[in-house]
Amino acid sequence: MTPAPTSEHELMARARALAGLTLGELAAQEGFALPADARREKGWTGQLIERALGADAGNRAQPDFTALGIELKTLPLDRLGRPRESTYVCRAPSSPAAGLRWKQSPVWHKLRRVLWLPIEAAHETPLPTRRLGWAFLWSPSDAEDHLLGEDWEELHTLLCLGRRDEISAHLGTLLQLRPKGADAQETAPGYDGDGRASRLPPLGFYLRARFTRQLLAQSNP
DNA sequence: TACTGATCATTC
DNA sequence: GAATGATCAGTA
């Protein structure tokens, strides 16, 4: 087990030392078994890299590197080097607090400092031969923070009003709300549009691929 | 090809 | 059950 990094510098050095390795090579180093069916172990890559870098948050609702306040996200790229999938941020509250502000929200805290670890040609390469790319650290610029905050306010307001029927993944320019659960049958307690208790499928906040494409482009000028 | 809605594994 | 880690798969 890799110990947790004690500084941002140490974390970045570790992350960049991974560049060029294949997932199979890293798994062998870490004593991580390759999944028999990659379609059924969607979180495998993220968990392997957490282990290799010494993430210490487990599955608690805290940044992966607790002492540094840094969140780790893998960023699967296509063969053109562009993110294709959205990035999960965190779950949306089933009973949101009406007075909550953007800078108090779990989304804001999660995105405060993110270590992005690109996975090259993730959609075209079998999992064991996918290569790790050049990691980069990101914090939202003032402009990005503003736009994220606007999206969050819009979505949070709909959640607070219980207007679930108006919520879809179409809303939001950088952020979106989409289902986040085992399946469409999963439910969590919440409130409907009339304020009555009901059970609804859980949602999660995601960053659109459009946005992570921008972040990647900014990171290698 | 991009996007949305659905889904899979694991841990506490 | 609710959080973590995400990608799959159908369709526009």
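Scope of the values below: all heavy atoms of this structure, side chains included, with no hydrogens, waters or symmetry mates. Worth saying up front: this structure is predicted, and the values here are computed from it rather than measured. Below, chain A is the first sequence line, B the second, and so on; all start at residue 1.
The stretch residues 164-173 of chain A comes close to DNA chain B through A/Ser168, A/Ala169, A/His170, each having a heavy atom under 4.0 Å from the strand. Heavy-atom distances under 4.0 Å link DNA chain B to A/Arg82 of residues 79-105 of chain A, given in residue order.
Contact between the side-chain N/O atoms of A/Arg39 and the OP1/OP2 oxygens of B/dT7 is not found at any separation under 4.0 Å. Within the structure, every side-chain polar atom (N or O) of A/Arg51 is placed at least 4.0 Å from both OP1 and OP2 of C/dT4. For C/dA3, neither phosphate oxygen OP1 nor OP2 lies less than 4.0 angstrom from any side-chain nitrogen or oxygen of A/Lys110.
The salt bridge (charged side-chain N to carboxylate O under 4.0 Å, His left out) analysis of residues 53-70 of chain A, with sequence neighbours excluded, yields no pairs.
Following rounding to the nearest Å, A/Asp64 (CG) and C/dA3 (P) show an atom-to-atom distance of 16 Å. In this entry the distance linking CG of A/Leu115 with P of C/dG5 reads 13 Å, nearest Å. As a whole-Å value, the separation of A/Asp56 CG from C/dT4 P is 15 Å. In this structure, A/Ile119 places its CD1 atom 13 Å from C1' of C/dG5, rounding to the nearest Å.
Scored by the side chain to side chain donor-acceptor pair (under 3.5 Å) test, A/Arg163 finds A/Glu166 as partners (sequence neighbours excluded). The side chain to side chain contact (heavy atoms under 4.5 Å, CB included) check on A/Thr129 picks up A/Thr125, A/Pro126, with sequence neighbours excluded. Qualifying side chain to side chain donor-acceptor pair (under 3.5 Å) partners for A/Ser198, counting only residues two or more places apart in sequence or in other chains: none. The side chain to side chain donor-acceptor pair (under 3.5 Å) search around A/Thr6 returns A/Glu10, not counting sequence neighbours. Every residue meeting the side chain to side chain contact (heavy atoms under 4.5 Å, CB included) condition with A/Arg101, not counting sequence neighbours, appears here in chain and number order: A/Gln104. A/Arg131 is linked by a side chain to side chain donor-acceptor pair (under 3.5 Å) to nothing, counting only residues two or more places apart in sequence or in another chain.
Among the protein residues, A/Arg199 comes within range of no part of the nucleic acid, since none of its heavy atoms lies under 4.0 Å from any strand. Counting non-hydrogen atoms under 4.0 angstrom, A/Pro35 reaches nothing in the nucleic acid. At a threshold of 4.0 angstrom between heavy atoms, the contacts of A/Pro189 are confined to the sugar-phosphate backbone, with no base atom among them. Using a 4.0 Å heavy-atom cutoff across all strands shown, A/Ala184 reaches sugar-phosphate atoms only and no base atom. In this structure, A/Glu71 reaches the sugar-phosphate backbone alone: every heavy-atom distance under 4.0 Å involves primed, P, OP1 or OP2 atoms, never a base. Within 4.0 Å of A/Glu50, counting heavy atoms only, lie sugar-phosphate atoms of the nucleic acid but no base atom.
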Atom pairs, N/O to N/O, protein against nucleotides 9-12 of chain B, distance under 3.5 Å?
unit_1: B/dA9; atom_1: OP1; unit_2: A/Arg40; atom_2: NH1; d: 2.8
unit_1: B/dA9; atom_1: O5'; unit_2: A/Arg40; atom_2: O; d: 3.4
unit_1: B/dA9; atom_1: O4'; unit_2: A/Arg40; atom_2: O; d: 3.2
unit_1: B/dT11; atom_1: O2; unit_2: A/Asn59; atom_2: ND2; d: 2.3

Between the protein and nucleotides 10-12 of chain C, list the N/O to N/O atom pairs that are separated by less than 3.5 angstrom.
none

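Taking the six-membered ring for Trp and thresholds of 30 and 60 degrees, A/Trp102 and A/Trp108 have ring planes more than 60 degrees apart, a perpendicular arrangement.
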Atom pairs and distances, donor-acceptor, side-chain atoms in residues 149-158 of chain A, under 3.5 Å, two or more places apart:
unit_1: A/Glu150; atom_1: OE2; unit_2: A/His146; atom_2: NE2; d: 3.1
unit_1: A/Asp151; atom_1: OD1; unit_2: A/Thr173; atom_2: N; d: 3.1
unit_1: A/Asp151; atom_1: OD1; unit_2: A/Thr173; atom_2: OG1; d: 3.4
unit_1: A/Asp151; atom_1: OD2; unit_2: A/Thr173; atom_2: N; d: 3.0
unit_1: A/Asp151; atom_1: OD2; unit_2: A/Thr173; atom_2: OG1; d: 3.2
unit_1: A/Asp151; atom_1: OD2; unit_2: A/Leu174; atom_2: N; d: 2.6
unit_1: A/Asp151; atom_1: OD2; unit_2: A/Leu175; atom_2: N; d: 3.0
unit_1: A/His156; atom_1: NE2; unit_2: A/Ala97; atom_2: O; d: 2.9
unit_1: A/Thr157; atom_1: OG1; unit_2: A/Glu153; atom_2: O; d: 2.6

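The two residues A/Ser95 and A/Gly190 have their closest heavy-atom pair at OG-CA, 4.2 Å.
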